Structures are given as C-alpha cells and as structure tokens.
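Working notes, beginning with the structure itself.
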Amino acid sequence: MLKTILTGVLVAAALVAGPAAAQTPAAIRSGHAEAGGISYYYEVRGQGEPLLLLHGGLGSIDMFAPLLPALTEKRQVIAVDLQGHGRTPLGDRPIDLVAMGADMATILQQLGVGKTDVLGYSMGGGVAFQLAVQHPEMVRRLALVSAGYAQDGFYPEMLPQQAAVGAGMAEMMKNTPMYTSYVAVAPKPEDFPRLLDAMGALMRKPYDWSADVPKLTMPVMLVFGDSDMYRPEHVVKFYQLLGGGLRDAGWQREHMSQNRLAILPGATHYDIFLSPQLPATVLPFLNGESSTADWK
C-alpha cells in the first residue's frame with residue numbers, strides 16, 4: 001500500500017538530493033501569501049510568461065526540481081507548496097481541492113498576476129482544475145497531469161488503499177526520504193501524522209466534477225501515463241467531455257478541438273512528474289505552438 005501511495009514522492013526526494021538539485025535555478029523571489037486562513041509558501045523562478053506550478057499530494061515544490069531548468073528556461077514559474085505540504089503549515093482547515101483552487105486565485109492576485117498558464121500534477125492537478133473552473137479569466141492555458149475528474153476514474157483496487165492512509169502510517173515512514181524531506185522544511189514537523197490523516201480524509205471523500213468540465217473554456221491539455229492509476233476509459237471520457245475525440249479532425253484540421261490529450265509511454269502515476277517527456281510535451285501546448293504541418 002505504501003508503495004502505491006508514496007513511490008513517486010520517494011523517487012523525487014532521492015533525485016532532489018542528487019545532482020538535479022544543483023542545477024535547479026535559484027528562486028528570484030520567495031515568501032508566504034495568506035489565503036483562506038493558510039499561509040502558503042511560494043517561490044518564483046525564471047523570466048517570461050507566468051506559469052503556476054502545483055505539486056502532487058505528500059510532496060512539495062521540490063518534486064519538480066529535475067524539470068525546473070526546462071520549465072524556467074523561457075518562463076516565470078510560480079511554484080506553491082500546497083496546504084500542509086513543504087513549507088506551508090497544515091492549519092486547522094480540512095484539505096479540500098475546491099478551497100485550495102480558490103486560494104490559488106487569491107495568491108495570484110497578491111503576486112500581481114492577472115492571467116497565467118497552469119500546470120498541475122495529481123492533487124495539484126485537482127487544485128488547478130478548481131482554479132480554472134472558479135476563475136477561468138485567470139487561466140490562459142491549463143495542463144492537467146495524471147489528474148482525473150471523478151473518483152471512479154481510479155482502478156477499483158486503489159480506493160481501499162487510499163482510504164487506509166492515516167496517522168497510523170507515520171511511524172513506519174520515519175526512515176523514508178519522504179519523511180526526511182518533510183521534516184527538513186515543514187514549519188511544524190510534528191504535524192506529519194495530522195497531514196496523513198488529512199490526506200486520508202481527502203481521498204475517502206467521493207467526488208465527481210463531470211458537470212464542471214465544460215466550464216473549462218480555455219485550451220486544456222490532459223497528460224497521463226500509459227500505466228497510470230486512472231483507467232483508460234476515464235481518460236478518454238475526460239477528453240470527450242472537453243470536446244475532443246468526438247469526430248475526425250478533417251484534412252485541414254477544421255474540426256479539431258482546441259484541447260489536447262497526451263499519453264506518455266512507459267510512465268506511471270508515480271514517476272510521470274519526473275519524466276523529461278513531460279516538459280517537452282506540455283511546453284509547446286502552453287506556448288501555443290504546433291510542429292504539425294497541414295497538407296498545404
């Protein structure tokens with residue numbers, strides 16, 4: 001069970017501690033922004049069009065360290081430690097993706113960002129989804145990585161594993177890189193068991209955002225691994241709800257959806273955020289570029 005929940009975070013922690021960390025561009029600005037009663041930690045790196053970057057559950061900004069050089073090459077990346085993660089305190093509010101989506105809008109306003117592209121992975125993808133639904137005027141383009149729209153998108157065997165996450169796991173995790181990285185930066189390291197309880201409560205809560213998918217009026221890219229924790233049927237349905245995959249695009253792409261679907265080969269939910277294919281896949285979309293020539 002721990003493997004299915006935490007493998008990706010453990011791999012990320014190992015990589016961050018290695019050579020990739022030395023190559024990570026230095027933050028040009030960092031601090032805390034208050035939103036929804038939570039003091040969110042953020043870092044800003046690079047120059048160019050803004051890109052809000054949101055990490056996965058039980059991780060932090062540091063999960064993306066191996067990819068930050070590519071993401072910041074021509075972008076200003078605004079990365080946020082989500083509630084209870086990294087350098088952001090847990091507080092007393094339940095962890096809720098809808099609430100955190102609203103919080104991201106508040107943070108962007110405080111940072112003077114009127115409109116931004118957004119890239120969210122896993123739990124961060126859910127937060128990005130909610131930000132875009134609640135404030136479509138603030139999101140130019142949206143990339144959701146290994147993030148579904150409903151709880152029934154998971155393989156059935158995942159649900160009891162997710163439901164079992166809780167404080168009882170804390171002791172057995174104390175020798176893991178994930179725990180070590182958490183206590184190294186958390187404002188209250190003793191909150192780790194409470195974080196596990198909060199994340200378990202989040203994952204036990206049923207959700208279905210299918211009615212909200214049509215509210216994503218901006219261009220959206222869905223990115224999944226071909227060995228993801230989401231069922232392929234769910235991935236295809238998500239794309240269809242966005243208006244893609246419903247008909248042939250036409251010889252001159254006249255019927256083509258503005259939205260995109262990418263399946264990365266050899267990628268799982270637990271390592272897709274580390275794949276060098278990820279920035280190569282999402283950046284052309286976020287930049288509004290296409291390398292595909294038409295018949296002309």
Side-chain angles (χ1 to χ4, degrees), residues 1-17 30 32-43 53-65 79-104 107 120-131 146-147 151 154 158-207 229 269-270 273:
M1 177 171 62
L2 281 175
K3 181 178 180 181
T4 57
I5 300 298
L6 302 173
T7 296
V9 178
L10 300 182
V11 172
L15 286 176
V16 169
S30 64
H32 285 82
E34 294 283 339
I38 304 296
S39 179
Y40 286 92
Y41 176 80
Y42 69 87
E43 294 179 351
L53 185 64
L54 301 175
H55 65 80
L58 298 179
S60 69
I61 293 170
D62 299 329
M63 294 179 76
F64 293 112
V80 178
D81 277 342
L82 297 173
Q83 181 183 349
H85 292 70
R87 300 153 187 85
T88 296
L90 179 59
D92 297 321
R93 189 185 75 176
I95 291 180
D96 181 80
L97 302 185
V98 176
M100 284 196 287
D103 293 344
M104 294 306 107
I107 292 171
Y121 157 69
S122 191
M123 182 180 77
V127 176
F129 181 105
Q130 285 299 324
L131 168 63
S146 200
Q151 189 184 51
F154 296 110
M158 292 301 305
L159 299 180
Q161 295 175 16
Q162 293 174 341
V165 172
M169 291 181 173
E171 188 63 31
M172 71 180 74
M173 293 175 61
K174 284 192 174 179
N175 292 323
T176 66
M178 184 271 185
Y179 175 79
T180 302
S181 62
Y182 173 85
V183 299
V185 298
K188 294 180 65 178
E190 65 272 20
D191 275 350
F192 186 67
R194 291 183 59 230
L195 172 60
L196 293 179
D197 273 343
M199 290 299 293
L202 172 67
M203 289 188 282
R204 287 189 292 272
K205 184 177 179 181
Y207 69 98
M229 68 162 58
H269 183 82
Y270 315 104
F273 65 93

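Just so it is clear, the structure is predicted and the values come from calculations on it, not from any experiment.
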Would you give the length of the straight line joining atom [atom1] of [X] to atom [atom2] of [Y], rounded to the nearest 0.5 angstrom?
X    : Y    : atom1 : atom2 : value
L54  : I61  : CG    : CD1   : 9.5 Å
L131 : L97  : CG    : CG    : 12.5 Å
K205 : I95  : NZ    : CD1   : 12.0 Å
H85  : M100 : NE2   : CE    : 7.5 Å
M199 : M169 : CE    : CE    : 11.5 Å
L195 : E190 : CG    : CD    : 12.5 Å

[X] side chain to [Y] main-chain N or O, any donor-acceptor pair under 3.5 Å?
X    : Y    : value
D81  : Y41  : no
R93  : I38  : no
Y121 : H269 : yes
T88  : G84  : no
R87  : Y42  : no
H55  : L82  : yes
H32  : Y40  : no

Quiz item: Parallel, tilted or perpendicular for Y182 and F192, by the 30°/60° rule?
Solution: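 Aromatic pair Y182/F192 classed tilted.
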
Quiz item: ring pair (Phe, Tyr, Trp, His ring centres under 6.0 Å) with F129: which residues, sequence neighbours excluded?
Solution: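 F129 satisfies ring pair (Phe, Tyr, Trp, His ring centres under 6.0 Å) with W209 only.
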
Quiz item: With a 4.5 Å heavy-atom cut-off, do Q151 and L159 have their side chains touching?
Solution: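 SC-SC contact between Q151 and L159 confirmed.
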
Nearest heavy atoms of [X] and [Y], plus distance in Å:
X    : Y    : result
P89  : S39  : CD-O, 3.2 Å
P193 : A167 : O-CB, 3.5 Å
I107 : A35  : CG1-CB, 4.1 Å
M173 : Y179 : O-CB, 3.0 Å
S60  : G86  : CB-CA, 3.8 Å

